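Data block below; observations after.
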Amino acid sequence: MTTPALLPLSGRRIPTLSPGASSFPHHRATLRLSEKFILLLILSAFITLCFGAFFFLPDNSKHKRFDFGLEDVLIPHIETEKEARHGSRQVIHGVGAHDEHRHREEEESLRDKIRADHERVLQEAKEKLRKSKEELKAEIQTAKAKVSEDLKKKDGPKPLPPVPMPKLVGVNDGDPGDPDTKEKRDKIREMMKHAWDSYRQYGWGHNELKPLAKKGHSTNIFGNSQLTGRVYFCLCTLFMLSLKNEQKDGLILLHFSFLFLQNAEVSVFEVNIRFIGGLLAAYYLSGQEVFKLKAVQLAEKLLPAFNTPTGIPWAMVNLKSGVGRNWGWASGGSSILAEFGTLHMEFVHLTYLTGNPAYYQKVMHIRKLLAKMDRPNGLYPNYLNPRTGRWGQHHTSVGGLGDSFYEYLLKAWLMSDKTDAEARKTYDDAIEAIERHLIRKSNGGLTFIGEWKNGHLERKMGHLTCFAGGMFALGADGSPDDKAGHYLQLGAEIAHTCHESYDRTVLKLGPEAFKFDSGLEAVAVRQNEKYYILRPEVIETYWYMWRFTHDPKYRQWGWEAVQAIDKHCRVSGGFSGVKDVYSSNPTYDDVQQSFFLAETLKYLYLLFSSDELLPLENWVFNTEAHPLPVLHLGNITLPGSESQR
Ligand code: DMJ
């Protein structure tokens with residue numbers, strides 16, 4: 001008896017049934033027919049798919065292939081695309097019989113190619129269907145192994161030119177000495193461990209964590225790909241706190257996540273400060289080459305964002321296509337001052353480490369362009385249009401949208417071993433205008449920094465603005481007209497005001513924004529300004545003030561914050577922000593922000609460590625608290641800097 005079998009279309013014929021045959025063979029024959037029908041359906045779907053793919057997939061010849069990294073990312077090559085467009089116009093509007101003849105020939109050869117591809121795909125499909133389940137399984141395994149082998153090869157270190165390693169001072173334990181401070185520091189370490197372990201357990205592979213829902217969380221600043229960013233934003237905190245197993249976890253995830261850097265649209269600023277800054281800091285702190293390579297790999301993908309008429313980068317860029325755009329809400333399609341103005345530190349390090357002048361040139365170009373522009377009242381508006389090179393809405397802020405632009409002017413000078421006099425002068429001029437127009441004292445004697453909106457001062461200060469206390473203290477030394485004492489005092493006053501904003505709440509945690517108006521002093525009025533999302537700025541200022549003054553009140557204020565966070569934000573799945581700091585029974589926002597691990601806990605840890613840990617003469621912290629060493633360049637000239645002089 002013939003064994004009923006699955007017969008491929010091109011194989012043996014379907015056995016015919018003899019009259020009077022029992023129902024069993026009949027049943028088997030019916031089954032074989034339906035099986036064949038399904039196979040036919042699958043095959044025709046497959047062929048249709050292949051045809052569709054041929055016509056609709058992008059033409060890779062228009063893309064330039066980057067040859068480093070785990071996966072090959074295609075970045076459009078602008079010139080080639082222009083050439084291609086130009087070429088196609090020629091075909092359409094071509095004159096003369098010769099062109100037409102060539103056009104027909106091209107069409108004919110295209111048709112031949114489609115026919116041949118069709119035949120080949122059909123043949124392959126037929127062969128596939130002839131194979132047994134085991135053979136197919138084995139084939140899939142081989143293909144998988146080949147892909148992972150290829151990935152390994154591509155990820156193999158592509159050495160960068162060796163450069164002298166900057167002096168790394170103070171990479172140590174920072175033991176504070178006295179037992180009480182040590183105990184407090186241990187508590188902060190334990191909180192970091194809880195935050196990390198929770199992320200490890202529930203948010204693994206995502207950018208952030210939902211500590212109540214106990215699952216991963218991603219926001220659009222990290223791209224629409226679920227697996228874009230990862231843990232590099234807090235790796236250096238893990239190094240500092242010597243959390244060894246956690247470092248290993250981080251490394252594994254780092255490798256893993258880069259496999260998925262695909263079609264994601266990301267914020268240039270956030271990727272720079274969190275990921276590139278984090279990777280560079282991890283490199284300097286650990287000496288492990290992999291971090292440097294990954295930082296460069298990522299930075300290369302941000303460069304297309306600078307392809308604008310002015311060289312002011314787009315806010316967002318697609319990592320695969322290199323297409324950039326701005327936030328829909330930003331005044332008239334503008335780029336944001338705090339975003340395009342917060343690239344300098346990382347980009348200078350990238351040029352230093354790679355020898356590629358592009359990074360340095362891009363940020364210096366931004367600086368030069370800004371220097372040429374008129375500034376209303378000497379102030380920098382938060383919005384600048386990258387197409388026209390004109391300011392957008394005249395809104396100036398030392399908080400959101402403006403903040404880290406000023407910070408990076410000062411830090412560019414510090415990072416250059418105080419040789420970048422241009423950066424220092426730009427910072428001094430900007431701060432002078434801010435003091436004149438934005439800084440006031442409230443009726444109750446609290447110094448605050450307001451916001452300037454079209455010639456009007458809004459007497460409101462954001463939590464974000466509180467970082468400025470630390471910035472004033474950090475910039476005191478080296479300020480013009482011997483105003484060092486003045487700026488240290490200003491830093492202390494801002495620290496005091498921001499502490500008041502915490503102290504005047506029920507939870508002893510600061511609101512997102514607070515007012516100094518109509519009898520109000522450092523309190524939030526609107527419901528949507530009463531939240532605390534684990535932000536670091538107030539603690540950052542405490543730490544800088546502590547380093548410069550050693551006034552014990554800064555440690556005391558820091559400890560108040562530790563207790564409040566532990567009491568009101570800690571949950572079994574990590575730490576969460578709270579929606580109302582004036583309520584004794586607040587609801588959680590269910591997000592453990594990445595900056596809580598990278599910044600808030602790091603600044604707290606530093607506050608309770610000795611000054612020997614990462615001394616400020618040798619390290620400059622980027623705006624996400626990733627420490628980068630001062631570049632004592634001496635006789636070394638950064639590639640690209642010659643043309644800037
Ligand atoms: C951080 O991501 C950075 O400090 C940024 O400059 C603004 N603030 C957030 C955290 O609040």
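Order of appearance sets the numbers: ligands from 1, and atoms from 1 within every ligand. Since the structure is predicted, the reported quantities are computational estimates derived from the model, not experimental observations.
- Between the side chain of Y603 and the main chain of Y542, no donor-acceptor pair closer than 3.5 Å is present.
- For the pair E190 and K187, the salt-bridge criterion is met [side-chain N within less than 4.0 Å of a carboxylate O].
- Under the 6.0 Å cut-off for aromatic ring centres, Y199 and F596 do not qualify, their centroids lying 6.0 Å or more apart.
- The atoms of ligand 1 that sit less than 4.0 Å from any heavy atom of P536 are 10 (C), 11 (O).
- Near E537, meaning under 4.0 Å from any of its heavy atoms, are these atoms of ligand 1: 8 (N), 9 (C), 10 (C), 11 (O).
- Of all atoms in ligand 1, numbered sequentially from 1 with element shown, those under 4.0 Å from a heavy atom of L464 are 7 (C), 8 (N), 11 (O).
- With respect to atom 2 (O) of ligand 1, the closest heavy atom belonging to the protein is E624 OE1, 2.6 Å.
- With respect to D611 and R547, a salt bridge is recorded, a charged nitrogen being found less than 4.0 Å from a carboxylate O.
- Heavy atoms of E599 approach ligand 1 to within less than 4.0 angstrom.
- Comment: R424 engages D428 in a salt bridge, judged by a side-chain N to carboxylate O separation of less than 4.0 angstrom.
- Close approach of ligand 1 to R535 is summarised as follows: ligand atoms under 4.0 Å from at least one heavy atom of the residue are 10 (C), 11 (O).
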Identify every side-chain donor-acceptor pair in residues 464-471 under 3.5 Å, counting partners at least two apart or on other chains, and give the distances.
residue: T465; atom: OG1; partner: G462; partner atom: N; Å: 3.2
residue: T465; atom: OG1; partner: G462; partner atom: O; Å: 3.2

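- The salt bridge (Lys or Arg N to Asp or Glu O under 4.0 Å) search around E540 returns none, not counting sequence neighbours.
- Counting heavy atoms under 4.0 Å from ligand 1, residue H463 does not touch it at all.
- Interface atoms of ligand 1 facing R274, defined by a heavy-atom separation under 4.0 Å, are 2 (O).
- Closest to atom 5 (C) of ligand 1 among all protein heavy atoms lies T623 OG1, 3.9 Å.
- When heavy-atom distances to ligand 1 are checked against a 4.0 Å cut-off, Q593 has no atom that comes that close, whether in backbone or side chain.
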